[in-house]
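Here is the structure we will look at.
Numbering of residues begins at 1 and proceeds along the displayed sequence. Quick caveat: nothing in here was measured; it's all calculated off a predicted structure. Values below: every heavy atom of this structure, side chains too, minus hydrogens, waters and symmetry copies.
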Amino acid sequence: MKLLNTLLIICAFLLFFIGIETPVSVEPDISYLKRSTNLRELDLRPNIEQVINLLYPM
């Protein structure tokens, strides 16, 4: 039991130091989200022919 606790503490310290040394990620470019989109022209329904072709290829 003492060995298991020691291994657990060592793993916790390793994870802690790995987390500290990890560089901060760069913010993703979200410029495509800033473009104005006319929501009335946007059709989110899938094309039924494409769905049928994907589900039942010939």
Side-chain angles (χ1 to χ4, degrees):
M1 192 68 174
K2 202 173 202 180
L3 178 66
L4 184 63
N5 285 341
T6 306
L7 287 174
L8 199 70
I9 291 171
I10 291 171
C11 289
F13 278 119
L14 285 174
L15 287 174
F16 177 73
F17 287 118
I18 288 171
I20 288 176
E21 292 178 3
T22 305
V24 177
S25 62
V26 179
E27 290 294 322
D29 183 27
I30 57 172
S31 62
Y32 62 92
L33 292 176
K34 294 179 182 177
R35 288 184 284 176
S36 62
T37 305
N38 190 356
L39 294 177
R40 291 182 183 165
E41 294 176 1
L42 186 62
D43 187 15
L44 298 176
R45 296 174 294 174
N47 187 349
I48 190 67
E49 293 175 0
Q50 291 177 352
V51 172
I52 291 173
N53 287 336
L54 287 173
L55 292 176
Y56 306 104
M58 294 180 77

Note to self: Test question: given the 4.5 Å side-chain rule for I, L, V, M, F, W and Y, name all other residues clustered with Leu14, or answer none.
What the structure shows: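 When side chains under 4.5 Å apart are linked, the cluster holding Leu14 also contains Ile10.
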Next item on the list: List, by chain and then residue number, the residues other than Leu3 in its hydrophobic cluster (Ile/Leu/Val/Met/Phe/Trp/Tyr, side-chain heavy atoms under 4.5 Å); write none if there are no others.
Entry: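 Traced through the cluster, Leu3 reaches Leu7.
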Notebook entry, point to check: For the atom pair CD (Glu49) and CG (Leu54), what is the distance rounded to the nearest 0.5 Å?
Noted result: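 If we round to the nearest 0.5 Å, Glu49:CD and Leu54:CG are 12.0 Å apart.
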Next item on the list: Would you kindly confirm whether Ile9 and Leu4 end up in one hydrophobic cluster when ILVMFWY residues are joined by side chain heavy atoms under 4.5 Å apart?
Entry: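 No.
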